[in-house]
Amino acid sequence: TLIQQIDTMSTVASAFSNFANMPTQKNERLNIVQVCKTALEIFNEDYVDFISSEKEIYTSFDRTQLTRIVTNLVKNAIQSIPENQEFKSVVVEILKEDANFILKVSDNGIGISSENQAYIFEPKFTTKNSGMGLGLAIIKKIIENYNGSITFESEEEKGTLFTVKLPIKI
């Protein structure tokens, strides 16, 4: 019906205006390792593993935005693995490289098809039945606001690896 269409359009419009008005960064000195570990506590899946080369990596960052980056990538990774797949694996890894910290999230899900790879950071692009396809667009914007980068490698039926590289700021 027309009313349902208007409702949907209004939901999408408000999501986009939220996207345009990213909350201002409330930077604080954070132990990235601890914040990432804590962010993973919302997931019940026992196949989500956390690895860190360091016990502590301190940087100035917005706690909420870092949590959003981690949870978005992990949620996508979990959703990419078919329900009936026997061996499921999502690995979250943190390492320090020169003046950067690296966050890697890998999964052994269905992978991203080559035709979809060009679009995954586009707002409104989704291959899921639910959601508005804003997750990766938003976290890419957060990462770029911190002068970082997000890249990925994916092979269909093998899985995907997202790599986030962010400068350490003391």
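- Here the NZ atom belonging to Lys158 is positioned 15.0 Å from the OG atom belonging to Ser106, to the nearest 0.5 angstrom.
- When the shell of 6.0 Å around CD of Gln85 is examined, it contains more than 12 heavy atoms from other residues, nucleotides or ligands.
- The closest donor-acceptor contact from the side chain of Asn108 to the backbone of Phe87 lies under 3.5 Å.
- Between Thr160 and Gly111, the shortest heavy-atom distance links the atoms OG1-CA, 3.5 Å.
- Taking the ring pair (Phe, Tyr, Trp, His ring centres under 6.0 Å) definition, one finds that Phe101 meets it with nothing, sequence neighbours left out.
- By the 6.0 Å contact criterion, NZ on Lys37 is open, its count of non-hydrogen atoms from other residues, nucleotides or ligands being 12 or less.
- Shortest non-hydrogen contact noted between Val33 and Glu54 is CG2-O, 3.7 Å.
- For Gly135 against Asn72, the heavy-atom pair with the smallest separation is CA-ND2, 3.1 Å.
- The backbone N or O of Glu83 lies less than 3.5 Å from a partner atom in the side chain of Lys88, making a donor-acceptor pair.
- The closest donor-acceptor contact from the side chain of Asp62 to the backbone of Lys26 lies under 3.5 Å.
- A continuous path of ILVMFWY side-chain contacts below 4.5 Å connects Val35 to Val74, so both sit in one hydrophobic cluster.
- If you take CD on Gln65 and CD1 on Ile138, they are separated by 10.5 Å, rounding to the nearest 0.5 Å.
- For the pair Tyr146/Thr59, no side-chain contact is recorded, criterion being any heavy-atom separation below 4.5 Å from C-beta on.
- Put simply, OG on Ser113 and CD on Glu157 are 10.5 Å apart, with the number rounded to the nearest 0.5 Å.
- In the hydrophobic clustering of ILVMFWY residues, with side-chain heavy atoms under 4.5 Å counting as a link, Ile168 and Ile142 come out together.
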| request: Check the pair Lys104 / Leu161 against side chain to side chain contact (heavy atoms under 4.5 Å, CB included), numbers first and verdict last. | output: CA-CA 7 Å; Lys104 295 183 174 200; Leu161 164 66; 3.8 Å; yes

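- Taking each heavy atom of Ile110 and Pro82 in turn, the nearest pair found is CG2-CG, 3.6 Å.
- The nearest pair of heavy atoms linking Ile81 to Gly109 is CG1-CA, 3.7 Å.
- Counting heavy atoms from C-beta on, the side chains of Thr71 and Phe43 come closer than 4.5 Å.
- You'll find the side chain of Ile139 reaches within 4.5 Å of the side chain of Arg68, heavy atoms only.
- Hydrophobic clustering, with ILVMFWY side chains joined whenever heavy atoms are under 4.5 angstrom apart, groups Ile143 together with Ile120.
- At least one side-chain heavy atom of Phe61 sits under 4.5 Å from a side-chain heavy atom of Ile69.
- Within the 4.5 Å cutoff, side-chain heavy atoms of Val92 are placed close to those of Leu103.
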| said: Pair Leu136, Lys140 - check side chain to side chain contact (heavy atoms under 4.5 Å, CB included), show working. | reply: CA-CA 6 Å; Leu136 283 173; Lys140 184 173 197 273; over 6 Å; no

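- Looking at Asp98, its side chain never comes within 3.5 Å of a backbone N or O of Asn100 through a donor-acceptor pair.
- To the nearest 0.5 Å, the span separating CD on Gln34 from CD1 on Ile32 amounts to 11.0 Å.
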| Stepwise, does the side chain to side chain contact (heavy atoms under 4.5 Å, CB included) test hold for Asn76 with Val105? | CA-CA 10 Å; Asn76 286 353; Val105 178; over 6 Å; no

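- To the nearest 0.5 Å, atom CD1 of residue Ile112 and atom OH of residue Tyr119 are 14.0 Å apart.
- Considering only residues two or more places apart in sequence or on other chains, Tyr58 meets the ring pair (Phe, Tyr, Trp, His ring centres under 6.0 Å) condition with none of them.
- Taken to the nearest 0.5 Å, the CG atom of Leu95 stands 7.0 Å off from the CD1 atom of Ile57.
- Around the NZ atom of Lys169, the shell of radius 6.0 Å holds more than 12 heavy atoms that belong to other residues, nucleotides or ligands.
- Residues Ile150 and Phe152 share a single hydrophobic cluster, defined by chaining ILVMFWY side chains whose heavy atoms lie under 4.5 Å apart.
- Tracing side-chain contacts under 4.5 Å through hydrophobic residues (I, L, V, M, F, W, Y), one never reaches Phe162 starting from Ile102; they form parts of separate clusters.
- Of all non-hydrogen atoms in Ala137 and Glu122, the two that sit nearest each other are CB-C, 4.2 Å.
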